[in-house]
Number of protein chains: 2
Amino acid sequence: MSADGTVGKACDVLEQVAAFKRPARFNEILEASPFPKATLYRLMQTLTNQGMLAYDPEAQTYSMGLRLVRMAHAAWGQSSLAPIAAPILDKLAAEVGETIHLAQMENGQVLFVDKRRASVLFETLAQTGRVAPAHSTGVGKAILAFMTPDRLERALRQQAFVKYTPNTHDNADSLMAELAQIHEDGVAFDREEHEQGIISIAAPILLGSGKVVGAVSIASTTNRNSPDTLQAFKPALLDATARIGEQATPWQFPT
Amino acid sequence: MSADGTVGKACDVLEQVAAFKRPARFNEILEASPFPKATLYRLMQTLTNQGMLAYDPEAQTYSMGLRLVRMAHAAWGQSSLAPIAAPILDKLAAEVGETIHLAQMENGQVLFVDKRRASVLFETLAQTGRVAPAHSTGVGKAILAFMTPDRLERALRQQAFVKYTPNTHDNADSLMAELAQIHEDGVAFDREEHEQGIISIAAPILLGSGKVVGAVSIASTTNRNSPDTLQAFKPALLDATARIGEQATPWQFPT
DNA sequence: AACCTAGTTCCACTATTTGGAACTTGCAAG
DNA sequence: CTTGCAAGTTCCAAATAGTGGAACTAGGTT
């Protein structure tokens, strides 16, 4: 994306490697990257012996380093809502018996920071850390609806409006209309806009100052629920987000 | 630690910020870092607008950026045993009803990659990503005991032999003696060596080639169990580690 | 109003990064 | 066996990007 000197390039490389969902060969990464061979090579060497990347000499592949995992652990504990929200999400999960997501915004994209799975117990990290587009998820819309106009504008400019299902918003205008309504209502619905058969109700997490810092959603399938029945969870959901908002100190995201 | 050009410094800065377990002021970080003010300042700016750090203008604090979380998610799927081991750990957890850890080695330190909590359901990521010393944990010793001599030597050179409890090994010799015995026995015990009241039984995960890539432990408290009763879990544990080892492709750690 | 201290900017100096090209490996086809 | 090709690695002079001392600004304190 941008080019902030060497460090910026290093970050780009990390991102590239992350983009392969498996360990990748040097050449694969080279092809996907804008850097000349020698440059990329040196960068990857540096990152490798910093522990940010891991190189397997036998398979000649690079993957993300464990040092990164350790740092991310710190990140999770520090800059995210997750640790504050955890007990509240536990309680909410127990109450509603559905899958719950906690999300934050990272430049126009929804980042899932934590979740509670209804029945099957684990897999937490597997979903946590995943990114979804803002315009087609309950949490995304809940966050957008409560952003300040300028932040909203910036976020929307980065939207691609990919049409995942027939219900997905495919332009800014229809989305904006819904956002206004969400703002009034206090909760957002995902009516199979991201995935066929999956619906959710979501509410923003607001700081005392009124700043949105994230959102919580209760998701279900069309088999078990409809948007109308999800409506029943609204009080519990709003209670949870309010409590998280109260407890959140405003170490939130920049810009 | 080491100095690999700008990127190395950037990593050091990230580590510094991570070391504070809360968002930190510029000056706090400055004091803890070897870099001059201007240099640190520029580095942190770069990292911030790369999303590796997050800056809160209101509180004037830095914390780890969400971009790291996203990358770590990739790391989890790529370079760790976790996705392969997940179903097997689930089964093991159900069988033994105790807390289970999955760990990998990162230059002399044990990194917890995944866990299953006996009773309380969640908190997964909270522990996942944490680092513990190798000489005083079941998983650590299980891994060390099956390393090749040269890797072992390198790993031990980085050990500090901190004495956490009266039972902790405080020198290489006593540790080596136990490692030999563990190698023979196939499992390692942690007899309150890291934390008073916590014991565990651990077994290494071996690749077909015989290379250790990690370890699994079953942990309990002295109230509920003793090393002797943990012994009863040995078959289930060995079965689990064997199965993980079979399925693991050798994208493992470098050097 | 004078005085700190945390945070930010400046800028000449220099060390680091750059990347084209040449070299090495390892394997596969002739 | 040797020729050819592709992946990976090293070189080095040119130039860019990083350095850090010092000077500046903001905002709070005595």
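Throughout, protein chains are lettered first and strands after them, A, B, ... in sequence-line order, and every chain is numbered starting at 1. As a basis for the values below, the full set of heavy atoms in this structure was taken, side chains included, without hydrogen atoms, waters or symmetry mates.
- At whole-Å resolution of the value, CZ in A:Phe26 and P in D:dG8 are 7 Å apart.
- Between the side chains of A:Gln50 and A:Arg67, at least one donor-acceptor pair of N or O atoms lies under 3.5 Å.
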In 5'-to-3' order, the base (B), backbone-only (S) or no-contact (-) status of each nucleotide in nucleotides 25-30 of chain D, using a 4.0 angstrom heavy-atom cut-off, is ------

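- Ring orientation note: the planes of A:Phe26 and A:Tyr41 are nearly perpendicular, at an angle over 60° on the 30°/60° scale.
- Rounded to an integer number of Å, the gap from A:Asn49 CG to D:dT9 C1' is 15 Å.
- When rounded to the nearest whole Å, the span between CD of A:Gln60 and P of D:dG8 equals 6 Å.
- Atom CG of residue B:Leu14 and atom CG of residue B:Leu68 lie 6.0 Å apart, to the nearest 0.5 angstrom.
- With values rounded to the nearest 0.5 angstrom, A:Ser33 atom OG is found 10.5 Å from A:Lys9 atom NZ.
- Note: B:Leu206 CG to B:Ile244 CD1 = 11.0 Å, rounded to the nearest 0.5 Å.
- A distance of 5.0 Å separates OH of B:Tyr62 from OG1 of B:Thr48, quoted to the nearest 0.5 Å.
- Spacing between atom CG of A:Asn27 and atom P of C:dC27 amounts to 16 Å, rounded to whole angstrom units.
- The CE atom of B:Met44 sits 11 Å away from the C1' atom of C:dG7 (whole-angstrom rounding).
- In this structure, the OH atom of A:Tyr62 is 15 Å from the P atom of D:dA7, given to the nearest Å.
- Regarding A:Arg25, its CZ atom lies at a distance of 12 Å from the C1' atom of D:dA6, rounded to whole Å.
- The aromatic rings of B:Phe146 and B:His183 sit parallel to each other, their planes meeting at less than 30°, with 60° as the upper class boundary.
- To the nearest 0.5 Å, the span separating CD on B:Gln104 from CZ on B:Phe112 amounts to 12.0 Å.
- Note that NZ of B:Lys91 and CD1 of B:Ile100 are 11.0 Å apart. Values are rounded to the nearest 0.5 Å.
- The side chain of A:Tyr41 contributes no N or O atom lying less than 4.0 Å from OP1 or OP2 of D:dG8.
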Heavy-atom contacts, protein to nucleotides 10-26 of chain C, under 4.0 Å, summarised as B (base), S (sugar-phosphate only) or - (none) per nt, yield -------SBBB------

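- Rounded to whole angstrom, the span from the CG atom of B:Leu40 across to the P atom of C:dT9 amounts to 15 Å.
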